[in-house]
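To start, the structure under review is shown below, and the notes come after it.
In listed order, ligands and their atoms are each counted from 1.
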Amino acid sequence: MKYISTRSKIAPLESSEVILKGIADDGGLFVPETIPKVTLDEIKSLVEKNYVGRAVPILSKFLTDFTEDELFESCELAYDWFDTQSKVPLIILLKDEASKNSPVGIMELWHGPTSAFKDMALQLLPQLMTRALKKVGETKEILILVATSGDTGKAALAGFADVPQTKIMVFYPADGVSKIQKLQMVTQVGKNVNVTAVNGNFDDCQNGVKKIFADENIRAELEKSNVKLSSANSINWGRLVPQICYYFASYAEYIKSEAIKLGDAVNVVVPTGNFGNILAAYYAKRMGLPVKKLICASNINHILTDFFNTGVYDRNREFYKTITPSMDILISSNLERLLYHETNGDTERVKTFMTELNSTGKYKINSSLKNRLDKIFYADYATEAETSNFIKEIFDNYGYLVDTHTAVALSVASKYRKNTRDMSPLLVASTASPFKFTGAVLSALGQSIEGIDDLEQLDKLNLITKKDIPKNLAKLGTAKILHENICDKNEMAEQVLKFVVR
Ligand SMILES: *Cc1c(COP(=O)(O)O)cnc(C)c1O
């Protein structure tokens, strides 16, 4: 399998090169030349395997320059310290016997070291990168630059800390992440890590990082110090490919639980921000996973809902801070890959869309492209009140506790069922532990959080719900603060040079 760019015809590259580069030289994203197929028989063969056994056959279809042994070893190391044997538990909510044919399967993607779904990819990516460095004979040090809206940052830090031949630097919006997310990042240990707050929002951070990647002078200065830039943001192919695996793994688990049968079509629901997680589901569907609709769930920053429903992507709008901060995004970078595939690889058109987005903040797709997307996607959003209400409703009805992002997905899924009367089984991506967003979750349950700090809220939520606090969060209160760096959004490049060169 070789990889090409979404924006122009480039010479195809191996997956190891693509994982190290992160972004194509023409500014486009890497995409596989073809989308491999998975048969129902292959899916059947996954049912009796464990998570790693289910992931490796999927990975090996994309990462063809890695051996099965390398992929197996990488996965074992990546997922070893997850806090459950199954790695990705599937919780099935069933109201009553009558709703047996319309189960709601929730895949908990947050049992990794940071209690959010980005661990699924960011634990595996460093393993793939160190092996890729050897494959291409690279001797320079890799500097991973990350812009984060909260969860990516810590997950990347945890994945890369003290990984040989790498350094990692994370930029986060000073007032755009939860206190717990911030504590998780500023307490990160490791000789090769830097964490810097930026006076601005997530898009400012992401734009700053994009500018650094595009700046020839900075690259040259880094090269002189034997450092090469790379990305761990969800535009990196090495981030996406581990995410495709869990859709297959959870479908296999769904069969194993006997709530669905092999071949049954499910609707996949994903709380969406940068469009990475749902794009992975799109690849899984294209590969042959029995998926009917991809349900794209947004919060009140519903730029994607509007895009799918009107055909216009328009970022000229107000930006809201919500109780689902990891979805407070106005540029969903991975959408570019979808546009590439659904225009049958029309790089000129994709490039035009992205140029327009860059200059005017918007672009419009034609009706034939919109019709294609309509067949695949359903998009809607949840208001803040709907999100809170769902947390309470699910807890009251099922004794099951979800975080705010997962509640957005469940709320939109319920609208979908009401509007379409399609009661097919649901596969819902649960993207964070409820203990990562305790304030909003406690409020949703009708509890006052006044005067209770974030760490005490962990205990309160535990007391009220009798759910366990994930270990990594329980120990935050006593961890030492190691990073207090802060900068303006136009100083980010300078900070990078300060970290690795000066
Ligand atoms: C990152 C994140 C999302 C959004 O995922 P994308 O791949 O960016 O669409 C949703 N929920 C949580 C908790 C996240 O951390």
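- Interatomic distance, CG of Leu427 versus NZ of Lys292, reported as 14.5 Å (0.5 Å rounding).
- Against a heavy-atom cut-off of under 4.0 Å, Thr272 is close to the following atoms of ligand 1: 9 (O).
- Distances below 4.0 Å separate heavy atoms of Ala432 from the following atoms of ligand 1: 13 (C).
- For the pair Glu342 and Tyr282, the tightest heavy-atom approach, listed with the atom from each and the gap, is OE2-OH, 2.5 Å.
- Among all non-hydrogen protein atoms, the one lying nearest atom 12 (C) of ligand 1 is Thr431 OG1, 3.4 Å.
- The shortest heavy-atom contact between Glu336 and Thr6 is OE2-OG1, 2.7 Å.
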Quick one: do Ser178 and Lys436 satisfy side chain to side chain contact (heavy atoms under 4.5 Å, CB included)? Show the steps, please.
CA-CA 8 Å; Ser178 80; Lys436 270 206 104 163; over 6 Å; no
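- Closest to atom 2 (C) of ligand 1, if we only count protein heavy atoms, is Lys118 NZ, 2.4 Å.
- More than 12 heavy-atom neighbours from other residues, nucleotides or ligands sit within 6.0 angstrom of CD on Glu33.
- Every residue meeting the salt bridge (Lys or Arg N to Asp or Glu O under 4.0 Å) condition with Asp203, not counting sequence neighbours, appears here in chain and number order: Arg315.
- Ligand 1 places these atoms under 4.0 Å from at least one heavy atom of Phe117: 1 (C), 2 (C), 3 (C), 5 (O), 7 (O), 14 (C).
- Shortest contact from atom 6 (P) of ligand 1 to any protein heavy atom: Asn274 N, 3.5 Å.
- Ser5 and Asp26 share a side-chain donor-acceptor pair at under 3.5 Å.
- Donor-acceptor pairing under 3.5 Å is lacking for the side chains of Asn299 and Tyr381.
- Taking a cut-off of under 4.0 Å to the non-hydrogen atoms of Phe275, the atoms of ligand 1 that pass are 6 (P), 8 (O), 9 (O).
- Atom numbering of ligand 1 starts at 1 in the shown order; those under 4.0 Å from a heavy atom of Pro271 are 4 (C), 10 (C).
- Ligand 1 lies nowhere less than 4.0 angstrom from a heavy atom belonging to Ala116.
- Among all protein heavy atoms, the one lying closest to atom 7 (O) of ligand 1 is Asn277 N, 2.8 Å.
- Nearest non-hydrogen protein atom to atom 9 (O) of ligand 1 is Gly273 N, 2.8 Å.
- In summary, the atoms of ligand 1 found under 4.0 Å from a heavy atom of Gly276, numbered by their order in the structure, are 6 (P), 7 (O), 9 (O).
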